[in-house]
Amino acid sequence: LAAIAAAHHVGVTVEHACEALNQFKGVKRRLELRGECRGIKVYDDFAHHPTAIATTLQGLRANVGQQRLIAVLEPRSNTMKMGVHEHTLAASLNAADKVILYQDPNLTWSLDNIQQQLGDSSVLLRNIDDVVGQLVSQSKAGDHIVVMSNGDFGGIHQKILDALAND
């Protein structure tokens with residue numbers, strides 16, 4: 001509504017503004033639905049700090065209700081790699097039912113403490129193929145998988161969708 005009002009203020013008709021908004025596809029990498037297979041939705045989110053992670057997961061939780069929400073996290077931003085957010089990271093993942101933490105070999109600190117804080121609802125893996133395998137073996141129709149990284153995460157989104165299709 002604010003966008004329509006702002007556009008109207010500079011001379012764009014309400015009809016034209018509505019038509020333009022109707023064609024808006026959203027912002028890339030902000031809870032972007034990358035695909036759905038076997039009733040399992042796979043999202044991409046540019047997660048770069050705990051506040052963004054918590055906001056994304058809480059927003060999706062509000063949208064999907066009790067359906068299972070699986071967060072897959074690759075700490076990749078500079079501040080994440082340095083461990084700046086180590087003390088707030090676990091709490092940011094609370095809205096997820098299950099969390100898969102990916103320990104990249106280039107990460108300078110261990111995610112073991114985060115995994116311990118999250119408990120049985122989490123797992124720490126060190127190989128992207130293991131992450132994909134875990135997701136395929138444990139996901140079921142109605143699940144929402146949110147892959148959170150500010151990089152391409154080894155093409156994991158497509159690997160998950162391909163593995164689900166071939167399972």
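For the single chain, residues carry numbers from 1 onward in sequence order. Below, all heavy atoms of this structure are taken into account, side chains as well, without hydrogens, waters or symmetry copies. Note that this is a predicted model, so its numbers are computed, not measured.
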Point-to-point distance, once rounded to the nearest 0.5 Å, from CD of Gln103 to CG of Asp112: 6.5 Å

With Asp143 via salt bridge (charged side-chain N to carboxylate O under 4.0 Å, His left out) - residues at least two apart: Arg68

Spacing of NE2 belonging to His157 relative to CD1 belonging to Ile145, to within rounding of 0.5 Å: 10.5 Å

Interatomic spacing from CG in Leu31 to CG in Leu60 - rounded to 0.5 Å: 5.5 Å

Shortest non-hydrogen separation from Ser139 to Ile40 and the atoms involved: CB-CD1, 3.5 Å

Give every donor-acceptor pair under 3.5 Å between a side-chain atom in residues 158-167 and any protein atom, sequence neighbours left out.
unit_1: Gln158; atom_1: NE2; unit_2: Asp162; atom_2: OD1; d: 2.8
unit_1: Lys159; atom_1: NZ; unit_2: Gly154; atom_2: O; d: 3.2
unit_1: Asn166; atom_1: ND2; unit_2: Asp162; atom_2: O; d: 3.0
unit_1: Asp167; atom_1: OD2; unit_2: Arg38; atom_2: NH1; d: 3.2

When the side chains of residues 83-92 are checked against the rest of the protein, which donor-acceptor pairs come out under 3.5 Å, sequence neighbours left out?
unit_1: His85; atom_1: NE2; unit_2: Thr79; atom_2: OG1; d: 3.1
unit_1: Thr88; atom_1: OG1; unit_2: His85; atom_2: O; d: 3.4
unit_1: Ser92; atom_1: OG; unit_2: Leu89; atom_2: O; d: 2.6

Partner of Leu73 under side-chain contact (heavy atoms from CB on, under 4.5 Å), chosen from Leu93, Leu111, Ile114: Leu93

When the side chains of residues 119-131 are checked against the rest of the protein, which donor-acceptor pairs come out under 3.5 Å, sequence neighbours left out?
unit_1: Ser121; atom_1: OG; unit_2: Leu118; atom_2: O; d: 3.2
unit_1: Ser122; atom_1: OG; unit_2: Gln115; atom_2: O; d: 3.2
unit_1: Ser122; atom_1: OG; unit_2: Gln115; atom_2: NE2; d: 3.2
unit_1: Ser122; atom_1: OG; unit_2: Gly119; atom_2: O; d: 2.9
unit_1: Asn127; atom_1: OD1; unit_2: Asp129; atom_2: N; d: 2.7
unit_1: Asn127; atom_1: OD1; unit_2: Asp130; atom_2: N; d: 3.1

Within one Ile-Leu-Val-Met-Phe-Trp-Tyr cluster: Val146 and Leu33, side-chain cutoff 4.5 Å: yes

Main-chain N/O of Gln134 paired with Ser137 side-chain donor or acceptor, under 3.5 Å: yes

Any Ile156 side-chain heavy atom under 4.5 Å of Tyr102 side chain: no

Non-neighbouring partners of Val14 that pass side-chain contact (heavy atoms from CB on, under 4.5 Å), sequence neighbours left out: Ile4, His8, Cys18

Euclidean distance, Met148 CE relative to Ile100 CD1, rounded to 0.5 Å: 13.5 Å

Given Glu32, His144, Glu36, the one that forms side-chain hydrogen bond (donor to acceptor under 3.5 Å, both in side chains) with Tyr43: His144

Euclidean distance, Asn150 CG relative to Glu74 CD, rounded to 0.5 Å: 7.5 Å

Residue list, salt bridge (charged side-chain N to carboxylate O under 4.0 Å, His left out) with Asp97, at least two apart or on another chain: Arg61

